[in-house]
Structure formats: C-alpha cells, structure tokens
2 protein chains.
Amino acid sequence: MSEHPPPAGAWGSRSASQSPTLADVAREAGVHKATASRAMNPLTRDQVNADTFRRILHAAERLGYVPNTVARGLRTNRTAAIGVLVPDLTNPLFPPIVRGITDRLAADGYTTLLANTDNDDEQERAQFAALESRRADGFILATARREHRLLARAAERGVPLVLVNRTVDDLDVPSAVGDDAAGTTQAVAHLAALGHRRIGHLAGPQDLSTGLTRQRAFRHAMDGASLPVPPGAVVTCTGYTEDAGRLACRRLLDARPDTTAIVAGNDLIALGALTALAELGRGCPAEVSVVGFNDMAFVDKIRPPLTTVHVPHHELGVQAAQLLLERLHDPHAVAKKILLPARLVVRGSTAPPATAPSASP
Amino acid sequence: MSEHPPPAGAWGSRSASQSPTLADVAREAGVHKATASRAMNPLTRDQVNADTFRRILHAAERLGYVPNTVARGLRTNRTAAIGVLVPDLTNPLFPPIVRGITDRLAADGYTTLLANTDNDDEQERAQFAALESRRADGFILATARREHRLLARAAERGVPLVLVNRTVDDLDVPSAVGDDAAGTTQAVAHLAALGHRRIGHLAGPQDLSTGLTRQRAFRHAMDGASLPVPPGAVVTCTGYTEDAGRLACRRLLDARPDTTAIVAGNDLIALGALTALAELGRGCPAEVSVVGFNDMAFVDKIRPPLTTVHVPHHELGVQAAQLLLERLHDPHAVAKKILLPARLVVRGSTAPPATAPSASP
DNA sequence: TTGTATGCGTTATCAA
DNA sequence: TTGATAACGCATACAA
C-alpha cells in the first residue's frame, strides 16, 4: 500500500498537477485496471464484487480520481458532446433555445459545444468541421436555410442532426419548430376581428422556413378572411433585424399608405416597424397596429407593449435535444418533426383602426 | 445506412460511416504515419519535404481526412476546449459576454463548452467536474461569488481560470470586469446634477463583487456630493431579478417615501423598480428618477427609456478570453485584472425632481 | 468475478 | 528528412 500518504489528495510519486488515472486507482485498491474500469462505469458496475467495488470506489475518492472523458471518447468513439450552432447568440431569440438544449443535454450527462455562424457559410463550415473533428456525437442547428448544402451533405453522411426553430426543404431531418402558420393565422384573425382590412406583412427572408411559412400563412389567412393582399402589401425584409424591418416598413407604407395594420415577420422586424412609424409620425396603435412574432424577452415592456405571437423557445430547445438523444439511442428511428403550439399574446400595439373601414361601394 | 457504396469520397474498405485516419492518409500517400502527422500539423509542417507534403495533403483531401481532436487531446493532454460557466444564459447580461468569449476563442481555434449553473453550488460543482473530466484547457467563470470555495480550490490546484463580469475576494485570479465604481459614481453625479438630494439605492446581492462595489461606490459618491444616506435609503435585493427589484423598491419607498431618485443595482432591478413605481402610482421620471446598470439590450425601447450605465459586455468576454489564452501560453504570467470603462447613458427615466430641493433651513 | 491483452488515433522520441 | 516505436487513459473481448 501507500507509504506515508502525502497530506491529502495527492497521489504518490506523480507530479502534483497530474490527474490520477485508472491505473493509480487500481494500484491503490490492489486490483487490475480492468476491474477498476468496470467498477467506475455505471453500466458494468454490477460485474464486480460488492466488496471490491467499495474498495475501488474508496480508493478513487481518496485519490480524487476523475475519469478522463477524452481517453474514454477515443476508445468508445462517443464523446457525450453535442455541437450547437446558432446564427448569433446575442439575438434574443436564441438564448432561451440554447438554454433549453443545455438543460436537456446536461440531464443526460452531455456537454454542449457552442458556436456562432453569423449566417455566414464559411464560418458555419469551419465551425461545423471543428466540432466534427472533436467527434461531437451529434448536432443541433438553429441555422438552417431552406436549401442548405452543408446541412444536406451532413444529413446524407448520416451525421446525427436535429434542427431547431427553422427547418429545411426536402430533407428528412428531425426538427422542433414553433407553429409558424398557426401563429400567423391568429395574428391576422386578431387584426381582422378588430376591424382591420388593409393589413400588410413585413416578411422575413424567404430562404428561411420561418420567413416563407409565415408569409404563406399570412396570404392564406387574409384570403380566408376575404381580405385583399394587393401588390406592395407584402414586403420581404433582407434579414430578421430591426433595421431591415424599419426599411421594409417604409417601403410598405410608401406603396400602401392606407395600411392600418402590419404583421411583422418577427419581433425585431416589428421593432423596426415601430421605429419607422415613429419617424413617419404615425401613431401605434392609434393609426397603425403592429403584431410581432416570437414574444422575445421584454417586448412587453416597450412602448407600446408589443402584441406578438408567443413561441415556447425554451421548450423548443428541450424538444430538439430530446429528439437528438433519441436519435443517438436509436439511429434508425424515424425523423420526427415536432411542431410546438404558438399563441397570440395581445398587448398594446394593436387596436381597432382609427377610421372605420371604408364604406364606399 | 445505404447498402450501395457511397458515391464519392469513400475510403477503400472501411465501413461507410467511418472517418479516415492518419494511417489511411499515410498509406494513400505512400509514407509513414508519423510523416503524415508532421505534414498535417502546422507546427511541424516545415520538417517535411515540400514534395511529400503536397502528396500527403493531396491524399488527405482525396480521403476527406479530418484530424481526430479526441485522439490528439489524449496524446498531447491539451484539448483546445474552454469551459464557460454562466449563471443563466437567458439573463440578457450574458449572451453578449459569451459571444465575446466564443469570438475570441474561435479565432484561435478553441471550442467553447457552455454550461449554466443557476447560481446553484451543486449544479456548478457538477458542471465544473464534467468539463474538467473533459480536460478543458481552462475555464472562464461568470459565476464568481466574493467567497467561492469551488473557485478557490480550483485556483489553488492551478487550474487555468479567468473571471468575467464578477470578481472574487482575496484571490489572485485574472479577471475582466466593468468599472462598477466609476459607473455608479457617474450615476450619482448625474442625479445630483439634476438637483436630486434624496437618492436611494437598490443594491445587488452583497456576496457578489458587483453588488458590493456598486453599493460602496454609491455611498462614497453620495458622501462626496454631501448628500445624506439615511437608514432605509439603501435596500439590498435578494437577487439580480425584476421581482427582487420590485420588492426592494417598495421597501425603499416605504422607509423613505420622499425619495426622488433611485440608483438600481442593475437593469433588471431597475425594471422591477419601474413596476413598483407604476403600482404605487408614482410617475417615472416625473416623481421618481431611476438609473439602471449594464445597458442591456432593448432597455432603450422600454417606457420610459432607461437611463443606465453602459458596460461593454462583448468586449468583457473578448478580454476574458484573451486573458485565458495568454495564461495558457504562459502559465506563470501574473494575474492581470482588467477593468473596462463604464459610461452613463442618459435616457428618459431620469429628470429633475418635481419639487425643488427643500429650501427650509 | 477478475485478470490479460489489445487497440482507439495521434504525437513525441529516437534512429536511420 | 523520414521511419519505427511507444505511449496517452480507457474499455472490452477473451481467458482464467
């Protein structure tokens, strides 16, 4: 056994800043490495005698043994690490999603490798390659475009992949997204019920599933309410940003000055629209109502408090992680697509139109 | 997967979903593993003949070789991965910090391992252990309390550690934080210049460096302006949350009903204070002015737009990452503490007091 | 139930 | 400049 054990938590002759290995534990417990390995692994724990198990565990504790996940990963070819790619963490949409992901993953002992892509193909490729070289067991992408080369190739190679928030065209990849269509429909219904007839849409980028789905749902809902969507009433923003929203709103009101309500592609676009309205001296909701999408943090505090479609982002993250874990457990499972309910939250940015709907023939 | 051999980029006889290894590349190029290794590593690249280098690189490309970071990590005992611990990513304070960290780390080829602790000791311990078992090369903690057992022990063990946003007492750990004292001083000076004399402080938790520093700076600045800080004018919040701010604000106004201005420990506390004021029917800034701290995203959009102290959070993250990289490069470097400038941003939540400062004797 | 032997993919050391 | 060999720490097939 050990001669004079150094103060505490040291391990014999090894240099002070070295971690003890399974070999050290085995030596300390007087067993073979393999037995120590079995004792430390929950899955093989029952293969070892109860008594020796206690001895080994005790030795491990005494030495402060921590299993080396890197070595284990090399041996087992599984790292219990998941790559998470988001466009930009400072977009308030993503923190709750990522939080949901990490919460679910951590519960199963998985670690989250986080990377931002800034919607840049080259950055995304580089980050994805880096995480793949790290042998992440799977990926959760919040960066999907409807057509996505990198994503398609990865899926074809059989890389375990799950999409969150956005989805992709023509590919059987599991995903967890909000019900964009239903949310948009509720927004239009709300405005129609208030008496609005000239409703515009500031659409998100059409190469993103959210942008396209919401735009189509908008037209469909308008049609269903027998409301017209004349040329210029739908303007596509260059991005999900405040500034793109501001610019698009000006174009919308330029083409359709009598617009009384706007369905924005998301909350950032809605904020931009509010700015544009303020610049143009048009009151919201007095003259123009605005509905957002996502119910980002603090949009209830702005002026006017934003009517918007709530999407359960944390739960989106949880479900995405859950899907990935299931897929890792059973690689041949069918690629589920989860749609989480969205619901309109009415606040102060919507009101009946100031002038009654035109009563002329 | 598919029975049909994959179209292109397959590697001889290996099973379809296997990555090619250095051995495969070496065989393809007709050299030894070791030579291939040297060719693929930027640091040893020049040890290899230019011609064979091209041959190896070509072979690697043909096979789609990606170095296995796990194996490299086992061999070199360095993983190029950094553990990042935050209390809660959905607190708007942290996304820009984390973004700054990942930006700087990614630039040097490091990967970010992200974990949330929810200010819970046990969660933090577990997450830290998990990341350590993964052999992260170092850690950036946004979770520091002034006295922090886990942190202290890790520092003593020589684990490369950097603190961000918050710091710790009595420990030589590098850190990057905002200039809390200077920011608070500016806030008080601003209010005093507006004519406020009865200024209260909703202090953050005093076991956090930010809470203590700002509280002390508040008292010091008040003293410097010859303004009194009577009992009850400083209330400590139970946390950096809206609700804690709301409750504390009620206690403050209960004890000191004639308060005309409030310096909040941070923006969330300020938001809670605004809520409390609204509940009590006290206008802001008409009756009570409020100053926040941090300049979180979108506090310029709320009503009233929040006067607050801007802290360069992204840069805080960048600097923290930079400190850690330096420390990894030179483990014996001195533990720098970086203080980034904070500056008051005046918006709509502050105004001169409604009643002129009491003119009685 | 435990011990033996081997290899995961890479890099460091030594020889040639 | 290149090749041979060993070792990083662990898990597992096989033997005992």
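Note that this is a predicted model, so its numbers are computed, not measured. In what follows, every heavy atom counts, from backbone to side chain, and hydrogens, waters and symmetry copies are set aside. Below, chain A is the first sequence line, B the second, and so on; all start at residue 1.
Separating the CZ atom of A/Phe53 from the P atom of C/dT2 is a distance of 12 Å, rounded to the nearest angstrom. Atom C1' of nucleotide C/dT1 and atom CD1 of A/Ile56 are separated by 11 Å, given to the nearest angstrom. A straight line from CG of A/Asp46 to P of C/dT2 spans 12 Å, rounded to a whole angstrom. What separates CD of B/Gln47 from P of C/dA16 is a distance of 19 Å, to the nearest Å. A straight line from CG of B/Asp24 to P of C/dC8 spans 11 Å, rounded to a whole angstrom. Look at CZ on A/Arg54: it is 18 Å from C1' on C/dT1, rounded to the nearest Å. Following rounding to the nearest Å, A/Asn68 (CG) and D/dC8 (C1') show an atom-to-atom distance of 9 Å.
The side chain to side chain donor-acceptor pair (under 3.5 Å) test applied to B/Thr112 returns no partner, not counting sequence neighbours. Scored by the ring pair (Phe, Tyr, Trp, His ring centres under 6.0 Å) test, A/Phe53 finds no partners at all (sequence neighbours excluded). When the ring pair (Phe, Tyr, Trp, His ring centres under 6.0 Å) test is applied to A/Phe128, the partners found at least two apart in sequence or on another chain are A/Phe139.
In summary, of the residues considered (B/Arg153, B/Glu124, B/Arg166), a side-chain hydrogen bond (donor to acceptor under 3.5 Å, both in side chains) with B/His148 occurs for B/Glu124 alone.
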(request) Output, in order, the C-alpha distance, side-chain angles, deciding distance and verdict of side-chain hydrogen bond (donor to acceptor under 3.5 Å, both in side chains) for B/Arg134 and A/Thr111. (result) CA-CA 9 Å; B/Arg134 233 164 246 295; A/Thr111 294; 2.8 Å; yes

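A heavy atom closer than 4.0 Å to some atom of DNA chain C occurs in no member of residues 128-136 of chain A.
A residue-by-residue look at B/Asn77 and B/Thr52 shows that B/Thr52 has its nearest nucleotide of DNA chain D further toward the 5' end.
A/Val70 comes within 4.0 angstrom of nothing in the nucleic acid, heavy atoms only.
A salt bridge links A/Asp118 with B/Arg99: the distance from a Lys NZ or Arg NE/NH1/NH2 to an Asp or Glu carboxylate oxygen falls below 4.0 Å.
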(request) Using a 4.0 Å heavy-atom cut-off, write out nucleotides 11-16 of chain D from 5' to 3' as B (base contacted by protein), S (sugar-phosphate only) or - (no contact). (result) BBB---

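Contact between the side-chain N/O atoms of B/Thr35 and the OP1/OP2 oxygens of D/dT1 is not found at any separation under 4.0 Å.
Here the CD1-CD distance, from A/Ile97 to A/Glu315, works out to 12.0 Å after rounding to the nearest 0.5 Å.
Panel note: side chain A/Thr35, backbone A/Val31; no donor-acceptor pair is recorded below 3.5 Å.
The list of salt bridge (charged side-chain N to carboxylate O under 4.0 Å, His left out) pairs with a residue in residues 32-61 of chain B, not counting sequence neighbours, is empty.
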